[in-house]
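What follows is a single structure, written as C-alpha cells, with notes after it.
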Amino acid sequence: MLDKIKNLKEEIATLHAKNAEQVEILRIKYLSKKGLIPALFNDFRNVAPELKREIGVAINELKEYATETINNLRESFRNNDSGLSDIDLTRSASPCDLGTRHPLSLVREEIIDIFRRLGFTVAEGPEIEDDWHVFSSLNFADDHPARDMQDTFFINRHPDVLLRTHTSSVQSRVMEKTQPPIRIICPGRVYRNEAISARAHCFFHQVEALYIDKNVSFADLKQTLMYFAKEMFDADTQIRLRPSYFPFTEPSAEMDISCNICGGKGCGFCKHTGWVEILGCGMVDPNVLEACGIDSKIYSGFALGMGIERIANLKYRVNDLRLFSENDVRFLDEFVAAH
C-alpha cells in the first residue's frame with residue numbers, strides 16, 4: 001500500500017498540462033469520487049490495524065499534495081499572458097469598424113456653430129409645406145417661374161401642397177409667430193424639380209439666416225458675411241457683393257469669396273476669375289415683413305442663404321454632387337480625419 005502511495009506521488013510530481021481543459025482532466029483522474037486517490041481510502045479498510053496510522057497519514061499527505069499540484073497548474077493558466085488573459089471579453093465577436101460623420105453634417109454643424117457665436121439660434125420647419133409659406137408670404141408673384149411644375153414638386157398635383165424649395169419657409173413661419181428681435185438660422189433639406197447631374201440634384205441642403213430688429217442696415221449684413229467667410233475658410237478670405245434680385249429681399253446681392261484654392265490668382269475651379277459665388281443675401285423686403293405681421297416702418301432686417309453642398313465643395317473640393325447622396329463607403333471614409 002505504501003509503495004502504491006509512493007508511486008502515485010512520483011507520478012503526480014511530473015504532471016503537466018497545455019491548457020485548463022487538461023488540468024480538469026487530471027483533477028478528475030486523481031481527485032474525483034472515482035479517482036485514484038479516493039480509491040485508496042476504499043482500500044484503507046483492508047489494512048492491518050498496526051499499519052492504519054502510518055498509511056492513513058500517507059494517504060492524507062498524498063491527497064493534499066495532489067490538490068496543491070493541480071491547483072497550481074490551474075492558476076498558471078489564469079495568470080499566463082499567452083493564455084485566456086489575451087482575450088478582451090469586452091470586444092465584439094467580430095471586427096466592427098466605427099462609422100464616420102457625413103461631410104454635409106460636418107459642414108452644417110460648422111456653419112451653425114459660426115452663426116451661434118453671433119447670437120443666432122436654430123429654427124426648423126416642415127419639409128412638406130403650403131404655397132403661402134414657400135411663395136406668397138415671401139413676395140413671389142402669382143406668375144413667378146418658381147411656382148411652375150418644372151421647378152417645384154407638388155403633392156398629388158395639389159397647387160397648395162408642395163415640397164419646400166428653400167428653407168425661407170421656416171423664416172416666414174417664425175416671423176408670423178414671433179415679434180422682433182429675431183435672429184435665427186434655418187438649416188434643412190429642400191427639393192427642386194431638376195435633372196440630376198454632377199452639378200445639380202433634385203434635393204439638396206440649405207442654411208438660411210434671418211435678423212430683424214430696429215435699425216438693422218446693409219452694413220450689419222456685410223459685417224456678418226465677412227465674419228462668416230473668414231471663420232469658415234481662412235482669415236485671408238476676401239468677399240465681394242454683386243447686385244442681384246430675389247423676390248423677398250430689396251436690395252439683393254450675391255456674395256463671392258476669393259478662391260481658396262488659388263488664393264484669388266485664378267484657376268480652373270474659379271474659371272480664372274479669382275472669385276467663387278457661395279450665397280445670396282439682401283435686406284428683407286418690407287412687403288415680406290408686412291405679410292408676416294411685422295411693422296416695416298419700425299423694423300428692418302437682412303436675410304441670407306447658402307447651399308451646404310456648395311460650401312462642402314469649396315471646403316473638401318468635391319466636384320460631383322451625387323457623391324453626397326450615393327452612400328459610397330469609400331467616399332465617406334475619406335472624412336474620418338475631418339471629425
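As the structure is a computational prediction, the values presented were derived from the model and not from experiment. Keep in mind that the numbers below use all heavy atoms, side chains included, and drop hydrogens, waters and symmetry copies. The first residue of the sequence shown is numbered 1, and numbering continues consecutively from there.
Other residues, nucleotides and ligands place no more than 12 heavy atoms under 6.0 Å from the NZ atom of Lys222. Other residues, nucleotides and ligands place more than 12 heavy atoms under 6.0 Å from the CD atom of Gln22. Counting heavy-atom neighbours within 6.0 Å of Lys63 NZ, excluding the residue itself, gives a total of 12 or less. By the 6.0 Å contact criterion, CG on Asn215 is open, its count of non-hydrogen atoms from other residues, nucleotides or ligands being 12 or less.
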Test log, rule side chain to side chain contact (heavy atoms under 4.5 Å, CB included), inputs Leu210 and Val174: CA-CA 10 Å; Leu210 175 71; Val174 171; 5.7 Å; no

Test side chain to side chain contact (heavy atoms under 4.5 Å, CB included) applied to Val288 and Met175, step by step: CA-CA 9 Å; Val288 174; Met175 286 188 286; 3.8 Å; yes

Candidate pair Met306 and Met255, rule side chain to side chain contact (heavy atoms under 4.5 Å, CB included), full reasoning: CA-CA 10 Å; Met306 70 192 82; Met255 186 183 94; over 6 Å; no

Side chain to side chain donor-acceptor pair (under 3.5 Å) evaluation trace for Asn313 with Arg310: CA-CA 5 Å; Asn313 283 347; Arg310 181 64 168 167; over 6 Å; no

His205 and Glu309: CA distance, side-chain angles, deciding distance, side chain to side chain donor-acceptor pair (under 3.5 Å) verdict: CA-CA 7 Å; His205 301 79; Glu309 281 85 348; 2.8 Å; yes

Derivation of the side chain to side chain contact (heavy atoms under 4.5 Å, CB included) call for Thr249 and Asp285: CA-CA 5 Å; Thr249 54; Asp285 193 298; 5.8 Å; no

Test log, rule salt bridge (charged side-chain N to carboxylate O under 4.0 Å, His left out), inputs Arg27 and Glu24: CA-CA 5 Å; Arg27 185 195 69 79; Glu24 180 62 14; 2.9 Å; yes

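Leu138 and Tyr245 are assigned to two separate hydrophobic clusters, defined by single-linkage of ILVMFWY side chains at heavy-atom distances under 4.5 Å. Note: the hydrophobic cluster containing Ile257 also contains Ile111 (ILVMFWY, side chain heavy atoms under 4.5 Å, direct or indirect links). Connection of Ile28 to Ile12 is not established within any shared hydrophobic cluster, with ILVMFWY side chains joined at heavy-atom distances below 4.5 Å, either directly or through further cluster members. When hydrophobic clusters are built by joining Ile, Leu, Val, Met, Phe, Trp and Tyr residues whose side-chain heavy atoms come closer than 4.5 Å, directly or via intermediates, Leu118 is grouped together with Tyr211. Leu323 and Phe204 fall into different hydrophobic clusters, defined by Ile, Leu, Val, Met, Phe, Trp and Tyr side-chain heavy atoms under 4.5 Å apart, directly or through other members.
Between Val190 and Arg164 the shortest side-chain heavy-atom distance falls below 4.5 Å. Under the 4.5 Å side-chain criterion, counting only non-hydrogen atoms from C-beta, Asn72 is not in contact with Glu75. Considering only heavy atoms from C-beta on, Ser172 stays 4.5 Å or farther from Phe248 through its side chain. In this structure, Val161 and Glu129 have side chains that are not in contact, with every pair of non-hydrogen atoms separated by 4.5 Å or more. At a threshold of 4.5 Å between non-hydrogen side-chain atoms, the residues Glu250 and Asn139 do not count as touching. Residues Val170 and Glu208 form no side-chain contact, since every pair of their non-hydrogen atoms from C-beta on lies 4.5 Å or further apart. No side-chain heavy atom of Thr167 sits less than 4.5 Å from a side-chain heavy atom of Val207. Side-chain atoms of Leu106 and Glu110, non-hydrogen and from C-beta on, never get closer than 4.5 Å to each other.
The line from OG of Ser300 to CZ of Phe218 is 12.5 Å long, rounded to the nearest 0.5 Å. Residue Phe228 holds its CZ atom at 5.5 Å from CD1 of Ile278, rounded to the nearest 0.5 Å. Separation of atoms CD1 (Ile55) and CG (Asn60) is listed at 12.0 Å; rounding is to 0.5 Å. Here CZ of Arg183 is found 12.0 Å from CD1 of Ile212. Values are rounded to the nearest 0.5 Å. Atoms CG and OG, from Asp131 and Ser137 in turn, are 8.5 Å apart once rounded to the nearest 0.5 Å. With rounding to the nearest 0.5 Å, the separation of CD1 in Ile37 from NZ in Lys29 is 11.0 Å.
Ring-plane geometry between His166 and Phe135 is classed as tilted, the angle between the planes lying from 30 to 60 degrees on a 0 to 90 degree scale. The aromatic rings of Phe331 and Phe324 sit perpendicular to each other, their planes meeting at more than 60°, with 30° as the lower class boundary.
Of the possible donor and acceptor atoms, one in the side chain of Thr273 sits under 3.5 Å from a partner among the backbone N and O of Trp275. Between the side chain of Ser258 and the main chain of Thr237, no donor-acceptor pair closer than 3.5 Å is present. Remark: side-chain polar atoms of Asp220 are paired, donor with acceptor, to backbone N or O of Ser217 under 3.5 angstrom.
A pairwise comparison of heavy atoms in Cys281 and Leu304 identifies CB-CB, 3.7 Å as the closest pair. Across all non-hydrogen atoms, the minimal contact from Leu31 to Pro38 is O-CG, 3.9 Å. Annotation for Ala303 and Gln171: closest pair CB-OE1, 4.1 Å, computed over non-hydrogen atoms. Between Ile128 and Leu163 the shortest heavy-atom distance is CG1-CD2, 3.8 Å. Nearest heavy atom pair, residue Thr178 against residue Ile294, reads O-CD1, 4.3 Å. Residues Ile185 and Phe115 approach most closely at CD1-CD1, 3.6 Å, considering heavy atoms.
With 3.5 Å as the limit, one finds a donor-acceptor pair spanning the side chains of Tyr30 and Glu11. Side-chain contact, Tyr191 with Glu127: a donor N or O sits under 3.5 Å from an acceptor N or O.
Arg117 and Glu231 are joined by a salt bridge, as a carboxylate oxygen and a charged side-chain nitrogen come within less than 4.0 angstrom of each other.
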